[in-house]
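In what follows, chains are A, B, ... by sequence order, proteins preceding strands, each numbered from 1.
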Amino acid sequence: MLQRIRDNMTGWVSGSIIFIIAIAFIFWGIDFGFFNRDYIALVNGGEVSTNVYRNAVQNQVSQAQRTYQDELPEVLLQQIRNATLENLIRRELLAQRVAERNYRVGDEQLHQSIRSMEAFQVDGVFSLDSYNARLAGVGRSPTSFEAEQRVALQMGQLQDGVAATEFLTSSETRRLIELFEQKREVSVATIFPAQFEDAITVDEAAVQAYYDQNADLYLTPETVTLRYLEIRGADVAADIQVTEDDLLSYYESSKAQLSVTERRQVRHILIEADDEDAALARAQAVTARIRGGEDFAAVAAEASVDSSTAGSGGDLGWVDAETFEGELGDAIFSLAQGEVSDPVRSDFGFHVLRVDAIDGGVMPSFAEVREQLETRYREDQAGERYYSRAETLAERAFENLYELDSAAEALGLKIQEVPGFTRANNEVFPGHPEVAEAAFSISSLEDGENSRVIELGDKHAVVLRVADHKPPQPQPLEAVRETIVQALKKEQSVAMAATAGSELLAALEQGASLEAAARDKNAEFQPARLIDRADREAPAELVAAVFRSAKPEYGPVANSIQMRDGSYAVFTVSQVLPGMPGAVSAEARMAARRAMAQQIGQSTFETYVQDLRDKASISVFEDDTQEAPQQ
Amino acid sequence: MDDLLSEKEQIEEIRKWWKENGAWVVGGLVLGLSLLVGWNSWQSHVRTTAEQASSLFEQVRVQAMVGNADAASELTGKLRNEFASTPYAEEASLVLAKLLVEQGSLEPAAEALQFVVASKEDSQMALVARMRLAQVRLQQGDFDAAVDILQVEDAGAFSARYSELRGDIAVARGDWATARSEYETALSDLGAGLVNRELVEIKLNDLPQVDLSEAEAES
């Protein structure tokens, strides 16, 4: 048997099998994707690439960081990841729908859309150069960009087809305007609990019971005694001695920064060096003509082959020593002002030059800049000293992790002490919550270690440690008695306001007028007034209650609401006036109609996608190589 | 092995094999190639058709923007007759329906929407078209037709919106109890609750109190 296979494997059979296998590898390669999954989700079998997902997350994270200005909390990161994945899944669903149904945008429309993108325009006109440069800048090829753009346009057709075609009929429009702009006539009686407080007596047993139940509401804040060493650049600046010699050598060493770069305004006439000797002869003739008194500009216009300057008197503008290399540059910078040069050879040909003006290039004298130098010198020295002190501080505080004395001694500093320092303390180091954070960190509190060097700004830093940690403790009843009494009084008075409110409501049902009942209950009465949904004068919760209330079909409707501040409002709605569509012009009405339809259309499209998602088969995988959130 | 057969014999073997199987090999190659060519030209035909339809659709959008209902209707008709296999026939019908409703031509609008309702290819779009057709029927005062068109086996993610619309129809009929229960369903339908809650709450709170005695008498 084996022998037969062996026999058959020779000759054409084996040849063709190897050929077929080779062809397969040439065209399809070896796919290890099976072992190394590179997608984060499967949507109806379509892949959501892990790379695309990670890049999108990264973009979102950097954007969030710009507003957050800090390391993002894990909860937020998780939200970003979830939302990003969800977006990609929805995108994939739409892309599938667009592909299935053969949405197709033609080349003409695609090109038109790309040409109208501002990013590729120069002065409002599409520029192919700018297009290619922009794409190259982000490492994209036009082919892949155009393919992506085509899909985006096709998805846009689908989205617009659903969202932008939403409409409201005229009766719906009228109804919505009537509803949104409805006005209700309302009278209000408000009972404030404060009026009951004086009459309330709180007995000792109640205080004790409340204290026992709510002990953890009345804890002392957690405190430590903060000890720290603080260094500043300014501390050492005054000690710096400056001698005249120091300044002189500083002057020498900073010449490069002090001198102003020399610039020269230069004209030239360019003679093309087609035939070396003839060209040189012509150039010399030009030099001679100008030296003989002819106008430079006139000769330039006639003789110069540099078309960009010939018309403007040969003017090259202001140049510095680096503008032109080699002999040309040297020649420009060796001419005196107004002198006409001999011909100068460059790669372009022969130049005849004249320098019209010279600017700068003068080194200020020591006396002129002495003061400026001293300030700068002191700053440099102070900076150097500060950084060396900061380094000493960091080293000493780290080497002697459980005391600050050696660091203090090395730097000649006194240890500062703040007793009773709390987490919320913002007075010792205003605007630097990281100090309290370090003070109350585990390494400070439990391990008793010095903190790292905390930078508080330019040339300003501290190292701290804590002593005498006092965890939060229940306060004795005596210390909080008054607070508890107030809380109990508030609680009871709010209940009394509610009772009074219900009685007031009952009185209304007996036929009393709101005004009379309000007077009776010592409530604040506000006579009838028309309010709309956006009313700002009444509290928002009251306005919401008024518009939630039943409509007065058989006489005024009474209702009540307990408000968040404890006061109790009883109100009567005596009239409901629908908004008036006729109050605005037909154009304004149409604009409102379209705006509302647009809003509803957006939500219709979201529902469309949601339904696609509900009906899709979706599996999401862990991103197992998820990088740790940025530190 | 090779050395068992002389070179001549090997050539003879190949000749013999080719004589027996050559026709099949050539036939297979020809068939494969023609399938490939056929598939490619079919693909390019589908693409060209879709591109033509797409550009017609863009024209419908332009005509709708300038309010030219006649031109938009004509183009949409062309899409429906000649490009029914593309999505653009339905897309254009939706665009046309909006234009017609805004111009007050309700029956033609209903007819355009009916075309999308019948779509088999995009069930979500058909569900959207049903809501819009119901809106038109409601505007026409044909409440029964409006309720009918909203009768589907499963409105999926749209079910809250369907409830809201049924509530709107009930309000137009003055059937406060049904309206109340539909609006409450729309709000409670949390899983698929893609509905403007604020708006539905406003509609719900605006309903007159149901006269209990009347409701009991009816049931």
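- When heavy atoms are compared at a cutoff of 4.5 Å, A/Phe547 approaches chain B solely by way of its backbone atoms N, CA, C and O.
- For the atom pair CD (B/Gln59) and OG1 (B/Thr76), the distance works out to 11.0 Å, reported to the nearest 0.5 Å.
- When heavy atoms are compared at a cutoff of 4.5 Å, A/Thr173 does not approach chain B at all.
- For A/Asn44 (side chain) and A/Gly46 (main-chain N/O), no donor-acceptor pair under 3.5 Å exists by modelled atom type.
- Atom OG1 of A/Thr604 is separated from atom CZ of B/Arg161 by 3.5 Å, given to the nearest 0.5 angstrom.
- Remark: the backbone N or O of B/Ala53 is not paired with any side-chain donor or acceptor of B/Glu58 at under 3.5 angstrom.
- No part of A/Arg613 comes within reach of chain B, as not one of its non-hydrogen atoms sits under 4.5 angstrom from that chain.
- Ranked by heavy-atom pairs shorter than 4.5 Å toward chain A, the options B/Val95, B/Val136, B/Leu127, B/Asp206 are led by B/Asp206.
- Among B/Glu90, B/Glu91, B/Glu111, the single residue meeting the salt bridge (Lys or Arg N to Asp or Glu O under 4.0 Å) criterion with B/Arg80 is B/Glu111.
- Using modelled atom types, one side-chain atom of B/Asn205 and one backbone atom of B/Glu201 make a donor-acceptor pair closer than 3.5 Å.
- Against chain B, the residues from residues 94-104 of chain A that qualify, each with a non-hydrogen atom under 4.5 angstrom away, are A/Arg97, A/Arg101, A/Asn102, A/Tyr103, A/Arg104 in number order.
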Could you go step by step and tell me if B/Arg47 and B/Glu51 meet the salt bridge (charged side-chain N to carboxylate O under 4.0 Å, His left out) rule?
-> CA-CA 6 Å; B/Arg47 193 178 304 147; B/Glu51 279 178 15; 5.5 Å; no

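- To the nearest 0.5 Å, atoms CD (B/Glu164) and OG (B/Ser159) are separated by 12.0 Å.
- At a 4.5 Å heavy-atom cutoff, the contact between A/Arg184 and chain B is made by side-chain atoms alone.
- With rounding to the nearest 0.5 Å, the separation of OG in A/Ser116 from NE2 in A/His111 is 12.5 Å.
- With hydrogens and angles ignored, the 3.5 Å screen pairs a side-chain donor or acceptor of A/Glu172 with a backbone N or O of A/Thr169.
- With hydrogens and angles disregarded, no donor-acceptor distance shorter than 3.5 Å links the side chain of A/Asp532 to the backbone of A/Glu181.
- Annotation: the span from B/Leu113 atom CG to B/Leu106 atom CG amounts to 10.5 Å, rounded to 0.5 Å.
- Heavy-atom distances place both the backbone and the side chain of A/Gln157 under 4.5 Å from chain B.
- Using a 4.5 Å cut-off between heavy atoms, A/Leu158 contacts chain B through both its backbone and its side chain.
- Ranked by heavy-atom pairs shorter than 4.5 Å toward chain A, the options B/Gln52, B/Glu102, B/Met125 are led by B/Glu102.
- Residue B/Leu199 touches chain A through its side chain alone, counting heavy-atom pairs closer than 4.5 Å.
- Counting heavy-atom pairs under 4.5 Å between each of A/Leu168, A/Asp107, A/Asp160 and chain B puts A/Asp160 at the top.
- Of the listed residues A/Arg533, A/Lys615, A/Gln154, the one with more heavy-atom pairs under 4.5 angstrom with chain B than any other is A/Arg533.
- At a 4.5 Å heavy-atom cutoff, the contact between A/Glu166 and chain B is made by backbone and side-chain atoms alike.
- Between chain A and the options B/Asp122, B/Val46, B/Val101, the largest number of non-hydrogen pairs under 4.5 Å is found for B/Asp122.
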Before giving the answer on salt bridge (charged side-chain N to carboxylate O under 4.0 Å, His left out), spell out for A/Arg90 and A/Glu86 the whole-Å C-alpha distance, their side-chain angles and the decisive distance to 0.1 Å.
-> CA-CA 6 Å; A/Arg90 282 163 194 254; A/Glu86 187 58 35; 2.7 Å; yes

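- In terms of non-hydrogen atom pairs under 4.5 Å with chain A, the most contact-rich of B/Val171, B/Leu204, B/Leu207, B/Leu138 is B/Val171.
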